[in-house]
Amino acid sequence: SKKVRMAYLAIVGSHHINGVAALHSELLKTSVFPDFYRINRDMFTNVTNGVTPRRWISQANPSLTKLITDTLGGTVWLRDLSQLSELKVNVNDEEFCYKWRQSKNANKERLQEWLFNKMGIRVSTNALFDIQIKRIHEYKRQLLNILSVIWRYRQLKGMNYEQRSDAVPRVVIFGGKAAPGYHIAKLIIKLINSVAKKINDDPDIDDLLKVIFVPNYNVSLAEILIPASDISQHISTAGTEASGTSNMKFVMNGGLLLGTLDGANVEILEEIGKENLFIFGTLSGEVENQRRLARDGRGGVHWDKRLLEVIQMLRDGVFGDFPEVHDLVDSFVHSDHYLISVDWPSYLDAQALVDKTYQDERKWTQMSILSTAGMGKFSSDRSIQEYAENIWDLKPCEISGPLVVDPVSLNEQIYQLNPSGTYKSSPDSMSPSIHIPVGRLTPHDREIVERSSPASTPMLRGGGFNAN
């Protein structure tokens with residue numbers, strides 16, 4: 001039957017094609033749309049995604065914002081994120097490193113309080129906070145993560161007292177939602193919660209391992225989770241993640257990254273240095289070969305014994321006897337499309353290195369500082385600038401303002417026009433002043449704002465008053 005390929009239709013109707021990260025933009029040319037690339041190479045470009053530091057550092061992480069602002073001598077870095085690189089000179093400053101750790105610990109305490117108040121779960125801030133929060137999907141491999149958690153539990157149960165005293169306590173936090181019709185994704189959520197119940201209810205393990213699936217993950221919750229992370233996981237099968245942005249948010253906040261060379265992870269590595277993150281897994285160029293071996297029945301010949309043990313624990317009902325668990329196990333045992341078994345050994349090696357590094361407080365702190373200091377590229381300001389210049393061919397235009405406005409006076413002006421009180425103004429009356437870009441207002445609204453401003457009207461007529 002004839003089909004319409006929506007991606008092809010989108011390309012035909014577009015003037016530029018952007019892969020949103022360097023790796024994925026190259027894959028579009030070589031693997032996904034090679035015929036279109038041969039027809040019109042100029043259409044294909046790359047603008048790597050970015051995130052706004054005003055929300056994901058300044059709003060989400062006040063303690064780190066204050067430390068950076070005090071160190072750099074102002075807040076200009078929030079508009080020019082490249083200034084973060086100036087933090088590198090402090091990496092050996094003991095006082096600065098201490099303040100950096102204090103900021104991280106304050107955020108861990110905030111999350112600790114939230115987990116207890118909202119979920120009734122007690123965690124220790126001395127533990128390594130390991131967080132993976134994103135849409136639940138097989139390619140993002142939350143399944144690989146929870147399988148490794150089962151193996152960690154298996155190891156802890158086999159340790160004596162002395163061995164446990166050397167183990168790194170860990171709090172593993174998952175968050176995310178599955179599409180309503182995505183059966184396997186829902187089974188992954190079910191498995192995570194089943195494993196969490198078994199481990200969290202085991203008094204023999206205590207604070208050595210906690211597993212948490214936070215409910216109703218959203219942006220507001222992300223603002224609490226992200227600043228508290230010691231390590232975050234971005235472990236998609238290489239070549240499947242277009243970019244990712246949570247990786248940027250975590251690293252900006254001083255969380256170290258555990259991941260594959262996929263999406264924007266590749267560029268983060270280039271910016272912060274490979275020595276400051278934990279990389280594992282099959283490279284994108286080898287993925288199809290590994291899948292072919294799996295289809296030919298040769299992919300599972302040398303499966304790691306540790307993974308086989310974990311599979312057997314699941315089949316034996318150690319984490320609950322629900323029939324669907326067999327469907328979940330079969331999803332990668334019989335057709336390992338996302339290379340769970342292939343990447344498993346190197347993933348466990350990377351996890352062991354995380355544990356070892358976390359025990360070296362000085363080194364971990366330095367890696368955290370250098371991670372944040374290298375993230376200047378990943379501001380949405382840079383992304384928007386590149387879109388404007390390279391894709392949309394937009395030129396900057398000057399606008400009037402910002403205009404300093406007394407919100408109390410502004411509220412009085414609004415009330416005079418609308419005494420019924422049905423209109424609720426948005427300015428924060430707790431603030432002494434607000435800044436309004438008058439060039440974006442209608443003439444009517446501008447007149448109201450000008451009457452509430454201490455700025456002189458002649459200056460406004462002269463092209464705007466900048467009170468910064």
Side-chain angles (χ1 to χ4, degrees), residues 88 91-92 94 97-98 100-105 107-108 123-132 141 144-174 199 205-212 228-235 247 250-251 253-262 265 268-269 272-282 304-307 309-310 340 342-374:
K88 294 178 182 179
V91 74
N92 292 311
E94 291 299 329
C97 290
Y98 172 77
W100 192 271
R101 288 192 295 270
Q102 288 295 100
S103 171
K104 177 61 69 176
N105 196 60
N107 288 307
K108 292 174 74 170
V123 299
S124 170
T125 56
N126 293 324
L128 186 156
F129 279 23
D130 173 352
I131 302 179
Q132 186 183 23
R141 299 203 294 190
L144 177 61
N145 188 353
I146 195 62
L147 292 174
S148 78
V149 171
I150 294 173
W151 176 248
R152 181 178 293 271
Y153 177 64
R154 168 74 179 81
Q155 286 181 297
L156 290 171
K157 293 293 286 185
M159 291 180 181
N160 59 35
Y161 178 80
E162 184 178 349
Q163 290 171 324
R164 288 187 182 186
S165 65
D166 293 330
V168 175
R170 193 179 287 221
V171 176
V172 184
I173 300 175
F174 295 84
I199 293 175
I205 296 300
D206 197 26
D207 283 340
L208 283 174
L209 182 61
K210 297 289 185 184
V211 183
I212 302 166
S229 76
D230 292 306
I231 194 86
S232 65
Q233 299 202 37
H234 311 275
I235 56 177
N247 45 6
F250 277 105
V251 180
N253 281 276
L256 302 192
L257 185 151
L258 169 62
T260 52
L261 284 176
D262 194 27
N265 288 356
I268 292 175
L269 178 146
I272 72 175
K274 64 181 180 180
E275 67 278 5
N276 291 314
L277 69 173
F278 304 92
I279 294 295
F280 75 97
T282 306
D304 190 284
K305 292 181 180 180
R306 296 166 295 182
L307 181 56
E309 281 191 45
V310 169
I340 297 289
V342 176
D343 285 350
W344 169 266
S346 63
Y347 180 56
L348 292 191
D349 290 343
Q351 289 279 20
L353 183 57
V354 168
D355 285 340
K356 180 181 178 181
T357 308
Y358 189 71
Q359 291 175 313
D360 185 341
E361 182 181 72
R362 177 182 173 82
K363 181 177 181 180
W364 188 276
T365 303
Q366 290 176 332
M367 291 173 68
S368 173
I369 295 168
L370 292 172
S371 293
T372 298

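In this text the structure is predicted, and so the values were computed from the model without any measurement.
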So how far is it from [X] [atom1] to [Y] [atom2], rounded to the nearest 0.5 Å?
{"X": "Leu307", "Y": "Ile150", "atom1": "CG", "atom2": "CD1", "value": "10.0 Å"}
{"X": "Asn107", "Y": "Gln102", "atom1": "CG", "atom2": "CD", "value": "11.5 Å"}
{"X": "Lys157", "Y": "Ile205", "atom1": "NZ", "atom2": "CD1", "value": "5.0 Å"}
{"X": "Phe174", "Y": "Asn145", "atom1": "CZ", "atom2": "CG", "value": "3.5 Å"}
{"X": "Gln233", "Y": "Asp130", "atom1": "CD", "atom2": "CG", "value": "4.5 Å"}
{"X": "Ile279", "Y": "Ile268", "atom1": "CD1", "atom2": "CD1", "value": "9.0 Å"}

(Q) Just by distance, no angles: are the side chains of Tyr98 and Glu94 close enough, under 3.5 Å, to form a donor-acceptor pair? (A) no
(Q) We want to know whether Asn92 and Gln366 form a side-chain donor-acceptor pair, criterion being a heavy-atom distance below 3.5 angstrom. (A) yes
Do you know the tightest heavy-atom contact between [X] and [Y]?
{"X": "Ala350", "Y": "Leu258", "result": "CB-CD1, 3.6 Å"}
{"X": "Arg152", "Y": "Val168", "result": "NH1-O, 4.2 Å"}
{"X": "Asp230", "Y": "Trp364", "result": "O-CZ2, 3.3 Å"}
{"X": "Gln163", "Y": "Gly158", "result": "OE1-O, 4.1 Å"}
{"X": "Tyr358", "Y": "Asn126", "result": "OH-O, 3.7 Å"}
{"X": "Cys97", "Y": "Ile369", "result": "SG-CD1, 3.8 Å"}

Side chain to side chain, [X] and [Y], heavy atoms closer than 4.5 Å:
{"X": "Ile231", "Y": "Phe129", "value": "no"}
{"X": "Lys356", "Y": "Val354", "value": "no"}
{"X": "Met367", "Y": "Leu277", "value": "no"}
{"X": "Val310", "Y": "Trp344", "value": "yes"}
{"X": "Leu209", "Y": "Pro169", "value": "no"}
{"X": "Asn265", "Y": "Leu257", "value": "yes"}
{"X": "Phe250", "Y": "Ser371", "value": "no"}
{"X": "His234", "Y": "Thr260", "value": "no"}

Would the distance check show the side chain of [X] and the main-chain N or O of [Y] forming a donor-acceptor pair, the cut-off being under 3.5 Å?
{"X": "Asn253", "Y": "Gly255", "result": "no"}
{"X": "Lys108", "Y": "Thr125", "result": "yes"}
{"X": "Arg164", "Y": "Leu156", "result": "yes"}
{"X": "Gln359", "Y": "Asp166", "result": "yes"}
{"X": "Thr365", "Y": "Arg101", "result": "no"}
{"X": "Asp304", "Y": "Arg306", "result": "yes"}

**Q.** Asp207 bridged to Arg170 by N-O distance under 4.0 Å
**A.** no
Q. side-chain contact (heavy atoms from CB on, under 4.5 Å) between Gln351 and Ser148: does it pass, once the steps are laid out?
A. CA-CA 9 Å; Gln351 289 279 20; Ser148 78; 4.0 Å; yes
Q. What's the verdict on side-chain contact (heavy atoms from CB on, under 4.5 Å) for Leu261 and Leu269, showing C-alpha distance, side-chain angles and the deciding distance?
A. CA-CA 9 Å; Leu261 284 176; Leu269 178 146; 3.9 Å; yes
Q.
As a quick check of understanding, evaluate side-chain contact (heavy atoms from CB on, under 4.5 Å) for Lys210 and Val172, giving each step before the final call.
A. CA-CA 6 Å; Lys210 297 289 185 184; Val172 184; over 6 Å; no
(Q) Using the rule given for side-chain contact (heavy atoms from CB on, under 4.5 Å), can you reason through Phe280 versus Asp349, listing the C-alpha separation, both sets of side-chain angles and the distance that settles it, and then say yes or no? (A) CA-CA 8 Å; Phe280 75 97; Asp349 290 343; over 6 Å; no
Q) Do other residues, nucleotides or ligands put more than 12 heavy atoms under 6.0 Å from Glu275 CD? A) yes
